*Asks:* 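My questions will all concern the structure given below.
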Amino acid sequence: MNCVAKIHVLGPHLAELIAAGEVVERPASAVKEMVENAIDSGATAITVEIKNGGTKLMKITDNGSGIEEEDVENAFVRHATSKIATENDLENIMTLGFRGEALASIAAVSKVHLRTKTKNAQFGTSYTIEGGRPGVLEPAGCPDGTEITVEDLFYNTPARMKFLKKDVSEGNAVSAILDKLALSHPEISFRFVRDGKETLFTPGDGKLLSAIRSVLGAPFAKTLIPAAPAEEFGIRVSGFISRPTESRPTKGMQHFFINGRYVKTNTCAAALEKAYQGSVMVGKYPSCVLFVEMPAQLLDVNVHPAKTEVRFQNEREVFLAVYYCVKTALFSGQEFPELQVEKVKQPELPKYENLRFGEQKQGVPLSSTPSEQAQRLIHDLQKAPVDTQPVKPAPQPEKTVQHQEVFSSSALPLQVEQTAPPAPSFLLQQVDEDEVVEGEFPSAPTASAEPQLPFYRLIGEAYATYIIVELENELLFIDKHASHERYLFEKLKDRKGGLDRQLLLMPLQISLSGEEYDAVLNHLDLLASLGFAVEDFGPGTVLVREVPLLLANCKNIEQVVMEAAGSLVRFGKLAQPKELEDLYHSIACKAAIKGHIPSTGPDLDNIIRLVLSYREIRYCPHGRPVAFALPKASLDRQFGRLG
């Protein structure tokens with residue numbers, strides 16, 4: 001049976017609840033609307049206080065112009081505003097608010113108390129409104145400006161309440177909103193009190209760099225260079241950009257403001273990255289705090305109630321204005337970055353007997369003392385007993401090579417005879433789950449069950465990157481970084497019981513974007529299992545006290561943590577096993593022995609043993625091959641020694 005639906009007009013209260021969902025998505029959006037009203041009122045000092053992420057309490061206090069008594073009730077009527085009066089005003093919007101929806105939407109889903117006073121009024125005005133229903137309007141004593149208190153957000157719309165995140169996440173979202181508002185108006189002093197603790201204060205001295213220091217941290221501010229005001233096509237661009245050497249793994253620190261309003265703009269972001277093209281590494285992104293000023297009629301800000309999206313009348317002109325400003329700043333008298341050279345004690349030349357390559361050549365010697373990294377590798381490889389039965393010496397070549405200079409100056413022969421240690425648990429073959437007791441792992445096979453390492457001879461290191469090894473019937477060329485990276489990657493995946501940690505002498509303070517900061521706090525347990533001791537150090541900042549022992553010699557731990565934060569942002573609320581591999585890649589790559597840097601003999605030898613012992617290590621986590629073999633027969637054929 002067909003049923004024709006009856007059309008009826010929604011009641012005003014229900015209509016307001018539905019409309020409120022477009023403007024007030026969460027406490028952060030409510031704070032944004034109220035603080036923007038305070039900015040439009042001419043305030044020079046704004047204080048924001050929240051409790052329980054803003055769901056319990058939001059209080060915004062300003063010293064702006066205030067509201068006349070006869071206008072107070074109208075301020076909470078939908079589509080009532082003092083910003084525009086005619087349709088022509090929509091083409092010249094310079095204020096942050098103008099739609100007249102914010103206060104009505106907030107009042108529809110919360111309990112609101114307003115106290116306000118204009119400069120010339122003898123008394124102030126107090127007004128309450130609950131769930132959109134007007135309350136008492138009466139005189140009150142209060143200072144010039146406005147104080148608006150919002151309590152129990154979404155108390156009458158439980159369907160919206162259950163979709164809110166944890167208090168810490170909602171509080172971080174409020175903090176991120178205030179960070180952008182404080183950056184956009186350095187002439188205003190902002191104060192943010194979160195659960196009774198002041199977490200943000202800006203001086204309001206009108207200096208953008210002061211606001212950047214207060215909001216994003218002094219360490220980040222030091223990475224910036226000024227972008228002097230430049231004007232193209234009537235569009236003025238100014239602010240600060242990061243040095244090319246201080247690029248980041250994500251775009252989280254790119255901040256664009258158009259006519260004092262924070263916006264998300266692909267046009268400006270593309271212009272910024274185009275200007276840096278050729279100056280930053282692939283996969284890295286510049287940071288910025290850039291202001292774009294243009295005639296109001298050249299853009300449309302009435303795209304979405306959140307007003308974070310805009311449309312440009314001519315995107316090409318905006319692109320070029322940002323591009324020229326950034327490009328000029330990059331090449332205007334910038335000196336080359338200072339080269340930081342670490343003083344390293346020159347090791348003594350080792351004494352080798354019966355060298356086949358003649359006299360020692362001048363250059364980097366092959367140290368006989370294992371590095372800390374090599375000692376850890378030796379420890380991993382020697383955990384289980386090995387077969388100590390005597391082995392047959394390797395066959396000696398018929399003729400001694402006399403031309404050492406064809407290899408690296410550190411290429412000295414190193415005769416090694418060693419049996420293979422047992423493979424680690426992450427390389428063992430899978431066993432029947434019924435044969436494994438819960439909570440235990442299958443034990444490694446004994447050394448006697450493992451094949452012995454083949455006889456090999458370390459010939460040398462080419463280009464400080466590739467290890468050359470002589471086996472019985474082939475030459476083996478090993479990429480030392482790729483092979484070590486894969487080994488560490490597997491150790492991170494198989495972190496039974498967590499990884500050993502190294503306590504930092506000085507805790508590392510790292511500035512993150514709002515999304516990165518929130519993601520790190522939501523995955524502290526995961527980071528702890530990887531060996532990172534990370535703690536909250538205030539909005540947008542974390543403190544790293546311990547790192548995995550694998551990173552003990554890493555010179556750029558800050559980049560590792562920022563890359564990890566970027567990976568966690570991409571995970572979303574819960575990281576999946578396959579997604580975690582991206583995080584393991586970043587850490588393993590930073591911790592592995594570096595290519596293009598000469599290594600000591602023990603380091604090279606242990607990399608060889610890793611490759612020969614763990615046959616599964618054949619590709620690095622990025623898919624590059626770890627080693628290539630050149631059969632002796634191929635060499636003989638090339639030199640005509642067969643047949």
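What you are looking at is a predicted structure, and each value in this text was computed from that prediction instead of being measured.
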*Asks:* State, with a plain yes or no, whether a side-chain heavy atom of Y517 is found less than 4.5 Å away from one of V542.
*Replies:*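 The answer is yes, as the side chains (C-beta and beyond) meet within the 4.5 Å cut-off.
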
*Asks:* Nearest 0.5 Å, what's the OG-NE2 distance between S287 and H255?
*Replies:*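 Output value for this atom pair is 7.5 Å.
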
*Asks:* Given side chains that start at C-beta, do those of R311 and L299 come closer than 4.5 Å, heavy atoms only?
*Replies:*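 SC-SC contact between R311 and L299 ruled out.
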
*Asks:* Which atom names give the shortest non-hydrogen contact between M253 and S513, and what distance separates them?
*Replies:*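 M253 and S513 have their closest heavy atoms at CE-N, 3.6 Å.
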
*Asks:* If the plane angle is over 60° it's perpendicular, under 30° parallel, otherwise tilted; pick one for F291 and F257.
*Replies:*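 Parallel: the ring planes of F291 and F257 meet at under 30°.
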
*Asks:* Within the 4.5 Å heavy-atom criterion, are S242 and F220 side-chain neighbours or not?
*Replies:*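 S242 does not reach F220 side chain to side chain.
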
*Asks:* Which residues pass the salt bridge (charged side-chain N to carboxylate O under 4.0 Å, His left out) test with E170, sequence neighbours left out?
*Replies:*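 Salt bridge (charged side-chain N to carboxylate O under 4.0 Å, His left out) list for E170, sorted by chain: R26.
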
*Asks:* How long is the span from the CZ atom in F192 to the OG1 atom in T47, to the nearest 0.5 Å?
*Replies:*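 With rounding to 0.5 Å, CZ (F192) is 11.5 Å from OG1 (T47).
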
*Asks:* What are the two closest heavy atoms between A565 and E516, and how far apart are they?
*Replies:*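 That would be CB-CB, 3.9 Å.
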
*Asks:* Salt bridge or not for K284 and E563, using N-O below 4.0 Å?
*Replies:*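 Salt bridge present between K284 and E563.
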
*Asks:* Of all the heavy-atom pairs spanning Q254 and P286, show the shortest one and how long it is.
*Replies:*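 Looking at all heavy atoms of both residues, the closest pair is NE2-O, 3.0 Å.
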
*Asks:* Of all heavy-atom pairs between S169 and D518, which one has the smallest distance, and what is that distance?
*Replies:*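 It is OG-OD1, 3.6 Å.
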
*Asks:* With a 4.5 Å cut-off on side-chain heavy atoms, are E317 and M294 touching?
*Replies:*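 Contact flag for M294/E317 side chains = no.
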
*Asks:* A side-chain contact here means heavy atoms from C-beta on lying under 4.5 Å apart; do Y262 and K264 qualify?
*Replies:*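 Yes, at least one pair of side-chain atoms sits under 4.5 Å.
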
*Asks:* For residues V215 and L200, determine if any side-chain heavy atom of one lies less than 4.5 Å from a side-chain heavy atom of the other.
*Replies:*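 Contact flag for V215/L200 side chains = yes.
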
*Asks:* Drop me the distance from C288's SG to I225's CD1, to the nearest 0.5 angstrom.
*Replies:*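 Answer rounded to 0.5 Å: 11.5 Å.
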
*Asks:* May I ask you to decide whether R115 forms a salt bridge with E147, counting only side-chain N to carboxylate O separations under 4.0 Å?
*Replies:*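 Looking at E147 together with R115, the answer is yes, because their closest N to O distance falls below 4.0 Å.
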
*Asks:* Compare all side-chain heavy atoms of K180 with those of L183 and state whether any distance is below 4.5 angstrom.
*Replies:*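 K180 does not reach L183 side chain to side chain.
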
*Asks:* In residues 60-69, what donor-acceptor pairs under 3.5 Å come from side-chain atoms, sequence neighbours left out?
*Replies:*
residue: D62; atom: OD1; partner: G64; partner atom: N; Å: 2.7
residue: D62; atom: OD1; partner: T146; partner atom: N; Å: 3.4
residue: N63; atom: OD1; partner: T44; partner atom: N; Å: 2.9
residue: N63; atom: OD1; partner: A45; partner atom: N; Å: 3.1
residue: N63; atom: ND2; partner: T44; partner atom: OG1; Å: 2.9
residue: S65; atom: OG; partner: S41; partner atom: O; Å: 3.4

*Asks:* Rounded to the nearest 0.5 Å, what separation is found between the OG1 atom of T265 and the CZ atom of F319?
*Replies:*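 The CZ atom of F319 is 10.5 Å from OG1 of T265, to the nearest 0.5 Å.
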
*Asks:* Please check if the side chain of Q559 supplies one atom and the backbone of S247 the other of a donor-acceptor pair under 3.5 Å.
*Replies:*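 At least one qualifying donor-acceptor pair exists.
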
*Asks:* Would you mind listing every side-chain hydrogen bond (donor to acceptor under 3.5 Å, both in side chains) that reaches into residues 192-209, with sequence neighbours excluded?
*Replies:*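 Counting only pairs at least two positions apart or across chains, the side-chain hydrogen bond (donor to acceptor under 3.5 Å, both in side chains) contacts touching residues 192-209 are N172-R194, R191-E198, D205-S210.
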
*Asks:* Around atom CZ of F123, are there more than 12 heavy atoms from other residues, nucleotides or ligands closer than 6.0 Å?
*Replies:*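 Result for CZ/F123: open.
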
*Asks:* Work out which heavy atom in V292 is nearest to a heavy atom in V322; give both atom names and the distance.
*Replies:*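 Between these two residues, the closest heavy atoms are CG2-CG2, 4.2 Å.
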
*Asks:* Check whether any side-chain heavy atom of P27 lies under 4.5 Å from a side-chain heavy atom of M58, and answer yes or no.
*Replies:*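 P27 vs M58: side chains touch.
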
*Asks:* List the atom of R545, the atom of P507, and the distance in Å for their closest heavy-atom pair.
*Replies:*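 Minimum heavy-atom separation between R545 and P507: NH1-CG, 3.4 Å.
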
